[in-house]
Amino acid sequence: MKKIIYGSVIALALSVTSCSKDFLETSPTDMIDAPTMLETTDGAQVAMDGIYRMLYTSGWSTGNTDQNFGIMSTKIFTSLMGEDFLQDAQGNGWFYFDYRFDVRSRYTATTWRSYATWNFYYTLISNANYILSAEETLQGDQAVIDNIMAQAYTIRGYAYHQLIQLFQQTYVGNQTAPGVPIYTEPTSSTSEGKGRGTVEEVYTQINSDLDRAIELFGNDKALQTHISHLDYYMANAIKANVALVQNKWDAAIEHSTEALSKPGLGLLDGDDLFSGFNNTGLKSVMWGAQIIADQSTIYASYFSHMDASADRYARSSRKVIYNWLYDQIPSSDVRRNWWNGPTDGGTNDTKPYNQVKFRYADLSADLGDYIFMRAEEMQLVKVEALAHANRLEEAKSELGALMKLRNPGGYEVILNSMELSNIYTMASIGTPKTLMDQIILQRRIELWGEAERIYDIQRLKTGFDRRASNSNHTAQLNWNTMQAGNKEFILTIPQKEFDGNEALDVNTDQNPL
């Protein structure tokens with residue numbers, strides 16, 4: 001039997017941490033085999049903590065590792081695949097090939113995007129499957145068992161949702177298209193590979209996992225010992241995002257509302273908006289990784305690619321806002337200060353349109369927490385779903401609640417100038433005319449560098465346009481970027497998967513080249 005490419009041993013040797021209230025502050029454990037680790041809740045949480053550590057470590061490819069470091073790496077390359085987020089130069093080359101859409105043809109290499117992404121998310125799934133295999137045998141307090149299993153169900157559902165959006169077009173209209181292989185049992189080098197199945201089957205699995213997680217988390221909603229741990233509210237948040245992609249508006253409203261009901265959660269305001277988005281202690285953070293000194297990386301990190309004030313990768317390849325999008329932000333909107341203006345000059349981070357939203361917390365130590373999701377994302381999901389459900393006055397009110405914190409002197413004028421309609425008319429670089437236009441525009445501004453822009457381009461079926469007047473894009477493209485469902489919007493399946501999975505044939509199962 002051929003060997004599937006992703007991890008088959010629980011808690012891979014990525015400095016799996018021991019179980020404690022502040023587990024990120026403890027020393028790594030030695031490798032423990034799955035049966036021993038999964039005898040008790042303490043061991044099972046250690047295994048789960050190992051998965052959380054994977055979310056921000058590199059090593060998912062055999063080369064180019066400095067651009068493959070988990071969730072935050074995905075956020076960068078999927079943002080670069082759109083129009084709002086760009087690089088002003090090639091620099092060392094990291095991520096620039098994603099930006100100019102020059103990675104799909106490299107699917108035969110284990111050093112490039114297809115392999116690293118497939119390997120990362122399937123390794124999360126493989127490890128979650130080992131934990132879930134102990135659901136009926138794990139010893140300990142039942143509430144703790146339920147919580148650990150809910151964490152594993154959530155990460156598996158999350159990973160499958162990432163995979164299906166990265167390796168196939170959006171759900172609506174493509175339900176019968178090839179999906180990604182589904183594994184719900186522990187895998188090893190002797191495991192039999194699975195075929196692609198359908199998009200619908202993948203979403204059925206995703207929703208099943210998230211529903212089960214929400215059910216289990218619901219037994220004790222407050223049982224979250226660390227912000228890195230998935231909890232009841234994050235399971236609802238991920239479910240809301242899934243529902244939005246599936247155009248299930250009522251479900252998106254329900255689950256985003258539940259996600260936002262977390263005690264103590266609030267939308268950012270004041271000085272927190274300019275703190276560098278590097279602290280999981282901010283009041284709107286729902287899920288993130290708290291990075292400490294002995295676990296920080298220097299070059300294979302989000303901030304090394306984002307913060308041009310550091311002598312790191314960002315200095316030679318700045319992450320820049322599309323000048324068209326910048327021009328849509330009124331001068332009275334405080335978020336305009338997340339980027340330099342068009343006339344800023346000088347060196348390092350003082351260049352036109354360079355981002356200053358994301359900064360190191362401690363530049364000398366290369367430290368900064370990773371924020372995986374903020375409450376603002378759920379607020380915008382709720383607003384959009386309300387509008388799609390034709391609950392337009394509610395949508396306008398909920399959008400106003402966010403805009404008031406960003407543009408207190410001008411938000412009412414903007415909202416009142418919009419036609420109260422859920423029709424999206426502006427496409428990529430048009431003029432916002434309707435409430436729905438304004439909702440999507442606010443999403444693009446607020447979640448710049450945080451939400452995966454190419455996913456929105458896919459689900460809204462708008463395409464994207466980098467050719468606004470005096471565009472500052474350094475990589476213009478010679479194919480129709482406005483075509484909904486263009487083959488370029490998704491990754492190719494790595495050759496290694498075909499080499500190791502007899503259920504797949506590269507000639508018939510590969511995505512269009």
Side-chain angles (χ1 to χ4, degrees), residues 6-34 36-38 41-61 65-75 116-117 119-132 134 147-159 162 186 224-231 234 238 278-281 285-304 361 365-373:
Y6 39 87
S8 59
V9 179
I10 195 166
L12 299 182
L14 292 169
S15 298
V16 178
T17 51
S18 63
C19 185
S20 71
K21 183 175 181 180
D22 297 312
F23 75 91
L24 288 173
E25 298 179 4
T26 62
S27 300
T29 66
D30 294 327
M31 178 73 75
I32 305 173
D33 65 272
T36 300
M37 181 173 279
L38 297 177
T41 53
D42 283 353
Q45 188 61 61
V46 169
M48 196 66 222
D49 292 346
I51 293 177
Y52 291 133
R53 179 67 191 274
M54 295 176 196
L55 301 181
Y56 61 91
T57 54
S58 60
W60 306 108
S61 55
T65 56
D66 284 5
Q67 66 172 3
N68 293 309
F69 43 85
I71 287 178
M72 302 306 284
S73 177
T74 298
K75 288 182 182 294
T117 303
N119 188 29
F120 171 58
Y121 288 108
Y122 269 114
T123 299
L124 300 182
I125 291 166
S126 179
N127 281 263
N129 283 341
Y130 269 99
I131 295 171
L132 291 169
N147 184 271
I148 294 169
M149 295 303 151
Q151 292 176 60
Y153 277 116
T154 305
I155 200 68
R156 189 170 74 180
Y158 169 79
Q162 291 290 96
Q224 184 191 34
T225 58
H226 198 278
I227 192 63
S228 66
H229 287 190
L230 290 159
D231 68 350
M234 266 308 304
I238 296 169
N278 53 33
N279 181 1
T280 55
V285 175
M286 300 185 67
W287 184 34
Q290 185 181 38
I291 311 299
I292 61 176
D294 66 350
Q295 295 175 344
S296 66
T297 57
I298 296 177
Y299 291 102
S301 75
Y302 183 70
F303 293 106
S304 73
D366 285 276
L367 285 176
D369 293 347
Y370 290 168
I371 297 173
F372 298 148
M373 186 179 289

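What you see is a predicted model; the values in this text were computed from it and never measured.
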If you measure from [atom1] on [X] to [atom2] on [Y], what distance do you get to the nearest 0.5 Å?
| X | Y | atom1 | atom2 | result |
| --- | --- | --- | --- | --- |
| Met286 | Asp231 | CE | CG | 7.0 Å |
| Arg156 | Asn127 | CZ | CG | 12.5 Å |
| Asp49 | Ile148 | CG | CD1 | 9.0 Å |
| Asn147 | Thr225 | CG | OG1 | 7.5 Å |
| Ile238 | Ile155 | CD1 | CD1 | 6.5 Å |
| Phe120 | Thr123 | CZ | OG1 | 8.5 Å |

Looking at every non-hydrogen atom in both residues, tell me the closest pair between [X] and [Y] and how far apart they are.
| X | Y | answer |
| --- | --- | --- |
| Gln290 | Asp369 | CA-OD1, 3.5 Å |
| Ala116 | Ser61 | CB-CB, 3.8 Å |
| Ala300 | Thr65 | CB-O, 3.9 Å |
| His229 | Gln45 | CE1-NE2, 3.4 Å |
| Met37 | Ala47 | SD-CB, 3.2 Å |
| Lys75 | Ile371 | CE-O, 4.3 Å |

Exercise for the section: Return the orientation label for the Phe303 and Tyr370 ring planes: parallel under 30°, perpendicular over 60°, tilted otherwise. Expected result: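 Correct class here is tilted.
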Exercise for the section: Would you indicate whether the side-chain heavy atoms of Thr74 and Gln162 approach each other to under 4.5 Å? Expected result: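 They are in contact (side-chain heavy atoms under 4.5 Å apart), so the answer is yes.
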Practice task
With side-chain contact (heavy atoms from CB on, under 4.5 Å) as the test, would you mind laying out the steps for Ile291 and Asn278 before giving the verdict?
Solution key: CA-CA 9 Å; Ile291 311 299; Asn278 53 33; over 6 Å; no
Exercise for the section: Show your reasoning for whether side-chain contact (heavy atoms from CB on, under 4.5 Å) applies to Phe69 and Thr297. Expected result: CA-CA 10 Å; Phe69 43 85; Thr297 57; over 6 Å; no
Problem - Among Tyr52, Tyr153, Trp287, ring pair (Phe, Tyr, Trp, His ring centres under 6.0 Å) partner for Tyr158 - result: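 The passing option is Trp287.
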